[in-house]
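In what follows, a structure is listed as structure tokens, so that the remarks can point back to it.
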Amino acid sequence: MNRPPYLDMTPEVRQALEEGRPVVALESTIISHGMPYPQNIETALEVEQAVRSRGAVPATVAILGGRLKAGLHREELEILAVPGAKILKCSRRDLGFAVAGGLHGGTTVAATMIIASLAGIRIFATGGIGGVHRFAQETFDISADLRELGRTDAAVVCAGAKSILDLPLTMEYLETEGVPVVGFGVNELPAFFTRQSGIFLDWRLDNPEDIAKALKAKWDLGLKGGVLVVNPIPEEDSLPKERIDRCIESALAEARSKGIKGKETTPFLLAKIVEETGGDSLKANIKLVLNNARLAADLACAYSRL
Ligand code: PSU
Ligand code: MN
């Protein structure tokens, strides 16, 4: 296989790709900026295990010492997870600079899609994507994840988006970008900690084989870009809507009063919500990521059989 410059793959990931076996990309901003230590490293390892248990190979994506990585060893995961080292939050605009500077970075959904695509990985699991923030009319805060979904080929399995975002506007933006949103077994967009949002989807498919066929047909047609596969949090792990909404409102108010902006916004809100819920949101977050990793692995297996 032609090796893209700057990219390192573990032998396990490279071999699996060469043999056409299923591989699932995993993002790393969730490790470096999305969860506290030590739950971040524990979750990263459990997610990899969940992918393996379904017969696929996990490829956690990050930037280490300026090298793009698809597949990390345990010590490399620890560099990202343990507080202390300088770890950048890397999105599309940061990649060239992190590489040239020999830096470490956790990759957002956008940057992970780019690196996965360089490596030849089409299926990707995460917790939640970035989106159109509330009050975007004033702040212009729209995550680069949404434009990436419009241009880079990857199926991103997530649990919808948190209501720190404006969900209706996020859906409008995805429509403009031509990004299909397909519900796995549901016809309503899940809202991360809860299964329902009141927003209905155009596409619902009930098994990974059907989703894999739709992905293949889209890309065979030459239609570039991503697909968002939304997978609701299991009922028993979901949080009561009123409670989580209250915590989110209070986190948003604090962000506004402290003047938090730009790339700091999402990590600030995520940490505040963990604090406000006394850790319950973190437990739910871990469960839904595992649930998404299993679906992504099933999807990668189905896709590799087509
Ligand atoms: N949403 C979550 N957890 C996360 C993120 C978003 O529920 O960890 C992370 C992802 O890495 C996502 C990034 O790609 O935040 C989006 O950041 P921004 O809004 O700055 O684009
Ligand atoms: Mn932003």
Side-chain angles (χ1 to χ4, degrees), residues 25-37 39-40 43-44 47 60-63 80-81 87-95 105-116 124-150 152 154 156-167 169-170 173-174 189-194 197 226 228 230-233 239 244 247-248 251-252 255-256 260-274 277 281-293:
L26 300 163
E27 63 138 321
S28 52
T29 291
I30 189 173
I31 305 172
S32 58
H33 294 76
M35 284 187 187
Y37 179 81
Q39 287 90 346
N40 58 356
T43 305
V47 167
T60 304
V61 167
I63 305 175
L80 297 169
I87 311 291
L88 293 172
K89 174 180 164 188
C90 285
S91 193
R92 165 178 275 268
R93 67 175 185 175
D94 308 299
L95 289 178
T107 47
T108 62
V109 168
T112 305
M113 289 176 77
I114 295 169
I115 297 170
F124 168 9
T126 185
I129 58 160
V132 180
H133 279 257
R134 295 211 217 165
F135 312 105
Q137 303 88 318
E138 292 154 37
T139 64
F140 271 42
D141 191 349
I142 299 174
S143 173
D145 291 352
L146 298 184
R147 291 211 60 200
E148 206 59 52
L149 280 160
T152 299
V156 179
V157 179
C158 72
K162 285 194 180 68
S163 44
I164 59 172
L165 302 174
D166 187 315
L167 300 186
L169 292 190
T170 300
Y173 201 98
L174 288 169
L189 178 73
F192 202 84
F193 296 120
T194 57
S197 64
L228 199 61
V230 293
N231 185 30
I233 185 171
L239 298 177
I244 193 70
C247 295
I248 288 173
L252 282 167
R256 224 169 309 146
I260 306 288
K261 54 184 183 336
K263 68 197 286 187
E264 315 302 335
T265 303
T266 298
F268 178 88
L269 293 172
L270 298 178
K272 271 289 148 202
I273 293 167
V274 172
T277 59
S281 68
L282 183 56
K283 286 188 197 133
N285 199 346
I286 293 168
K287 295 284 191 176
L288 67 83
V289 177
L290 290 169
N291 192 47
N292 295 343

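Both counts, for ligands and for their atoms, begin at 1 and track the order of listing. Position 1 is the first residue of the sequence, and the numbers go up from there.
Taking a cut-off of under 4.0 Å to the non-hydrogen atoms of Phe192, the atoms of ligand 1 that pass are 7 (O). Ligand 1 places these atoms under 4.0 Å from at least one heavy atom of Asp145: 12 (C), 14 (O), 16 (C). Here is the list of ligand 1 atoms found below 4.0 Å of a heavy atom in His133: 19 (O).
At the shortest separation from atom 7 (O) of ligand 1 among protein heavy atoms lies Lys162 NZ, 2.3 Å. In this structure, atom 21 (O) of ligand 1 lies nearest to the protein heavy atom Ser143 OG, 2.7 Å. Nearest non-hydrogen protein atom to atom 15 (O) of ligand 1 is Thr266 CG2, 3.5 Å. Scanning all protein heavy atoms for the shortest distance to atom 10 (C) of ligand 1 gives Glu27 OE2, 3.5 Å. With hydrogens left out, the protein atom closest to atom 6 (C) of ligand 1 is Gly128 O, 3.6 Å, a heavy atom. Looking only at heavy atoms of the protein, atom 4 (C) of ligand 1 is closest to Leu270 CD1, 3.5 Å. For atom 9 (C) of ligand 1, the nearest non-hydrogen atom of the protein is Thr29 CG2, 4.2 Å.
A side chain to side chain contact (heavy atoms under 4.5 Å, CB included) with Thr107 is found for one member of Leu80, Thr60, Leu88, Ile63 and no other, namely Ile63.
The two residues Ala125 and Ala293 have their closest heavy-atom pair at CB-CA, 3.9 Å. Here the closest heavy-atom approach between residue Leu269 and residue Ala255 is recorded as CD2-CB, 3.9 Å. Of all heavy-atom pairs between Cys90 and Gly105, the closest is SG-CA, 3.9 Å.
For Asp141, the N, O or S atom with the smallest separation from the Mn ion (ligand 2) is OD1.
Looking at Ser197, its side chain does come within 3.5 Å of a backbone N or O of Leu189 through a donor-acceptor pair. For Asn291 (side chain) and Pro232 (main-chain N/O), a donor-acceptor pair under 3.5 Å exists by modelled atom type. The main-chain N or O of Ala110 is never found under 3.5 Å from a side-chain atom of Arg147 such that the two would form a donor-acceptor pair. In this structure a side-chain-to-backbone donor-acceptor pair under 3.5 Å is present from Asn292 to Leu288. With hydrogens and angles ignored, the 3.5 Å screen pairs no side-chain donor or acceptor of Lys162 with any backbone N or O of Gly128.
With hydrogens and angles left out, the side-chain atoms of Glu148 and Thr152 include a donor and acceptor closer than 3.5 Å.
Ligand 1 is never approached by Met35 to a heavy-atom distance shorter than 4.0 Å. For Lys89, the closest heavy-atom approach to ligand 1 falls below 4.0 Å.
In terms of polar-atom proximity, Val109 is counted as a contact of ligand 1, with an N or O under 3.5 Å from an N or O of the ligand. For a threshold of 3.5 Å applied to N or O pairs, the pair formed by Thr108 and ligand 1 contains no separation below that value.
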